Amino acid sequence: QVQLVESGGGLVQPGGSLRLSCVASGTIYSIKAMGWYRQAPGKQRELVAVITSGDSTVYADSVKGRFIISKDNAKASVSLQMNSLKPEDTAVYYCKLVTIGAYWGKGTLVTVSS
């Protein structure tokens, strides 16, 4: 069984930064991709950023130029550096790992407010 644990969420003022981390544990076969999604109150879960095994990255238009995704293969971890945060970035952020199957973390809350 694969488990994902996110950390790094919290309250930050507009314009501030946060770094989210996600570590995977358990029996993990070849990782195809890892990524971050978010769900704001009353909205559907949406893709934020994904990084593949080949280091290709995809970002939502709303976070391009502000967020950076990175991974550590040895630690089976993925991070999301979030800069210039806006109130509309407020959401629960979920980590996702894709191997033979797809696994989700339980989420970490990010609140951007003054």
Side-chain angles (χ1 to χ4, degrees):
Q1 186 71 9
V2 176
Q3 292 184 331
L4 301 175
V5 178
E6 303 104 334
S7 62
L11 173 64
V12 63
Q13 292 186 342
S17 297
L18 279 177
R19 184 176 180 85
L20 304 183
S21 296
C22 172
V23 179
S25 62
T27 303
I28 302 171
Y29 297 99
S30 178
I31 297 176
K32 296 180 180 179
M34 296 187 76
W36 291 93
Y37 291 69
R38 68 187 181 187
Q39 187 166 17
K43 295 187 177 181
Q44 291 187 330
R45 191 174 298 188
E46 63 176 4
L47 180 146
V48 176
V50 172
I51 184 166
T52 70
S53 58
D55 293 334
S56 295
T57 57
V58 175
Y59 293 92
D61 288 343
S62 59
V63 306
K64 284 181 181 177
R66 300 189 297 124
F67 291 9
I68 300 172
I69 189 170
S70 60
K71 64 182 175 70
D72 185 329
N73 294 326
K75 297 180 180 179
S77 67
V78 63
S79 297
L80 185 70
Q81 178 66 42
M82 305 187 295
N83 302 318
S84 302
L85 283 160
K86 304 175 181 180
E88 51 263 44
D89 295 318
T90 295
V92 177
Y93 284 70
Y94 298 90
C95 175
K96 181 180 181 181
L97 180 150
V98 179
T99 61
I100 297 175
Y103 301 90
W104 292 89
K106 293 183 178 180
T108 184
L109 177 62
V110 172
T111 302
V112 184
S113 176
S114 55

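Quick caveat, the model's predicted, so the values are computed rather than measured. These values consider heavy atoms only, across backbone and side chains, with no hydrogens, waters or symmetry-generated copies.
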How many angstroms lie between atom [atom1] of [X] and atom [atom2] of [Y], to the nearest 0.5 angstrom?
| X | Y | atom1 | atom2 | value |
| --- | --- | --- | --- | --- |
| L80 | T108 | CG | OG1 | 11.0 Å |
| N83 | R19 | CG | CZ | 9.5 Å |
| T57 | K64 | OG1 | NZ | 9.5 Å |
| S53 | K32 | OG | NZ | 9.0 Å |
| F67 | S79 | CZ | OG | 13.5 Å |

Side chains of N73 and I31: closer than 4.5 Å at any heavy-atom pair?
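Not in contact.
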Side chains of S113 and L11: closer than 4.5 Å at any heavy-atom pair?
yes
Minimum heavy-atom separation for [X] to [Y], with atom names?
| X | Y | answer |
| --- | --- | --- |
| V50 | A33 | CG1-CB, 4.1 Å |
| Y59 | A49 | CD2-CB, 3.6 Å |
| I51 | D55 | CG1-CA, 4.1 Å |
| I28 | A76 | CD1-CB, 4.2 Å |
| A91 | R38 | CB-CB, 3.8 Å |
| L97 | A24 | CD1-CB, 3.6 Å |

Indicate the ring-plane relationship of Y94 and W104, choosing parallel, tilted or perpendicular according to the 30° and 60° boundaries.
perpendicular
Determine whether more than 12 heavy atoms belonging to other residues, nucleotides or ligands lie under 6.0 Å from atom CD of Q44.
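No, the 6.0 Å shell around CD holds no more than 12 heavy atoms from other groups.
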Neighbour count above 12 (heavy atom, 6.0 Å) for Q3 CD:
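Open.
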Report the C-alpha separation of K86 and D89 in whole Å, then their side-chain angles, then the decisive distance to 0.1 Å, and conclude whether the salt bridge (Lys or Arg N to Asp or Glu O under 4.0 Å) test is met.
CA-CA 5 Å; K86 304 175 181 180; D89 295 318; over 6 Å; no
Is Q81 reaching over with its side chain to a backbone N or O of I68, donor-acceptor style, under 3.5 angstrom?
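Side chain of Q81 to backbone of I68, a donor-acceptor pair under 3.5 Å: no, none is there.
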Give a yes or no answer on whether the side chain of T90 reaches the backbone of V112 with a donor-acceptor pair at less than 3.5 Å.
yes
Is it true that E6 and K106 have a side-chain N and a carboxylate O under 4.0 angstrom from each other?
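No, no charged N to carboxylate O under 4.0 Å.
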